[in-house]
Peer 1: 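Okay, here's the structure, questions in a sec.
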Amino acid sequence: MVVSGMSPAPQAGKNVKPEGLMKAAVLHGIGDLRVEMIPVPEPGDGEVVVEVMRCGVCGSDIGRILRKGTYRFPTVPGHEFAGRVVYDPEGKLCGTRAAVFPLLPCFRCDSCRAERYAQCSSYDYYGSRRDGGFERYLAVKRFNLVPLPDGVSYEEGAMCEPAAVGLRATKALGLKGGERVLVSGAGPVGLCTGMWLRARGAAEVFFSDIDARKLELAGKLGFGIFHRGDSGFDCAVEGTGAGDALADLIVAVGPHSRIVLLGNPGGNVSLAPADYQAILRKELTLRGTWNSSFARNDNDWAEVVAAVADGRLPLGRLITHVISLDELPETVAKIAERKEFFCKVMVDNER
Ligand SMILES: [Zn+2]
Ligand SMILES: [Zn+2]
């Protein structure tokens, strides 16, 4: 039966397919994000219907919405979300609370066969290549569900993505116990990385950033603040994609240190000859990291959920704003203005 108007919230435990229309933030073109009513999605092969409870706003969403666009229009953005399964055509998962790994692998390429899904040559993606979490219901592949235990909230579930990216960077660093680590970029992913570095045995974690308000939050979370000229770091994570920030790290780390490159560049990245030469003289190791691992024997997402559940990863402390879906377009504009301070902005569909 198809009814018009907003679907009523399905009751917990009942396996009822939501029908009719739902609220969604739809990107119709670059800079054209509209909150409107669209049809509830039909679950396809291997899919269940998830009621999205929370969806975080990522820095990459701001770029997609205002400057770069999504792969096609219209698309519902949002790739950092959690909710509960309200309809499973097989009747098994209904009521399951879950975060969602946003990458849909092709399962055919060499990387997929090795379960290195982040390097899939032909992937799909919730919130950029296909509809994502800034809506009430989404049809999600069973493969992508990450079940949340009772002690983990939907907010925390919606922050699994930046936390899993931070864990991937931390693993890439090959942390040895008791090291002093410097991280450039105190945004949500950088701070998640800092939490992981601490949880995995770093003695001290320092942050650098050009925004004093970000450093203030880093300080409140118990991290050290880097000042130009500080040195003697054992390793570092570059989370900004800016050459100046990378140069600071190259100067601040000692000989034979490692630097993990995590930040996405906004343009060309250049280094002064002396900074470049320091890589050579110090025999530094620079390595990249991308997205997160969702392999069966190396699942960053499962590790994030476990670390949130046992209190090692206080992700909720990164949330500075909670908004309704209706407030999303104006909030995106405010974030881009950079006047007000935002760390993690969370869309709460119960508002
Ligand atoms: Zn993200
Ligand atoms: Zn693939």
Side-chain angles (χ1 to χ4, degrees), residues 25 27 46 52 54-68 70-71 75-83 99-134 138 140-141 143-144 146 154-170 185-196 237 239-241 262-266 289-296 300-301 304-305 308 313 315 318-321 328 331-332 335-336 342-347:
L27 189 67
V52 179
R54 303 287 186 281
C55 185
V57 181
C58 180
S60 68
D61 292 322
I62 307 301
R64 272 187 202 104
I65 293 167
L66 297 178
R67 293 186 298 275
K68 290 190 296 190
T70 40
Y71 279 73
T75 304
V76 176
H79 61 273
E80 299 183 0
F81 57 97
V100 176
F101 176 59
L103 188 150
L104 291 136
C106 78
F107 295 114
R108 290 185 304 271
C109 71
D110 288 348
S111 294
C112 281
R113 276 196 285 267
E115 297 187 27
R116 290 182 174 150
Y117 301 118
Q119 281 76 39
C120 172
S121 57
S122 166
Y123 63 90
D124 208 336
Y125 214 88
Y126 293 118
S128 67
R129 298 185 178 211
R130 65 161 70 188
D131 286 353
F134 291 135
L138 186 68
V140 173
K141 295 276 188 195
F143 171 82
N144 294 69
V146 182
Y154 287 122
E155 283 85 356
E156 290 163 328
M159 294 179 70
C160 280
E161 197 258 358
V165 170
L167 175 56
R168 182 82 185 141
T170 301
V189 175
L191 292 171
C192 284
T193 306
M195 287 179 184
W196 268 121
V237 177
T240 71
L262 164 71
N264 276 298
T289 177
W290 186 249
N291 207 305
S292 54
S293 176
F294 203 63
R296 275 169 300 183
D300 295 331
W301 289 66
V304 167
V305 169
V308 172
L313 221 58
L315 297 180
L318 303 182
I319 300 172
T320 51
H321 296 71
L328 183 61
T331 306
V332 166
I335 295 171
F342 292 90
C343 186
K344 181 53 68 185
V345 179
M346 191 60 65
V347 172

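Every number for a ligand or one of its atoms is a count from 1 in the order of the listing.
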Peer 1: Mind listing the closest non-hydrogen atom pair of Val189 and Pro162 along with its distance?
Peer 2: CG2-CB, 3.9 Å
Peer 1: What N/O/S atom of His79 is the closest to the Zn ion (ligand 1)?
Peer 2: NE2
Peer 1: Can you tell me how far apart CG (Asp110) and CZ (Arg116) are? Round to the nearest 0.5 Å.
Peer 2: 11.0 Å
Peer 1: Work out the angle at the Zn ion (ligand 1) between OE2 of Glu80 and SG of Cys58, rounded to 10°.
Peer 2: 90°
Peer 1: For the CG atom of Leu328 and the CD1 atom of Ile335, what is their distance to the nearest 0.5 Å?
Peer 2: 8.0 Å
Peer 1: Are the ring centres of Phe294 and Phe143 closer than 6.0 Å?
Peer 2: yes
Peer 1: Please state whether the separation between the Zn ion (ligand 1) and some N/O/S atom of Glu161 is under 2.8 Å?
Peer 2: yes
Peer 1: Need one value: angle at the Zn ion (ligand 2), Cys120 atom SG versus Cys109 atom SG, rounded to 10 degrees.
Peer 2: 120°
Peer 1: Atom CZ of Phe101 and atom CG of Asp300: how far apart are they, to the nearest 0.5 Å?
Peer 2: 9.0 Å
Peer 1: Roughly, to 10 degrees, what angle do Cys112 atom SG and Cys106 atom SG form around the Zn ion (ligand 2)?
Peer 2: 120°
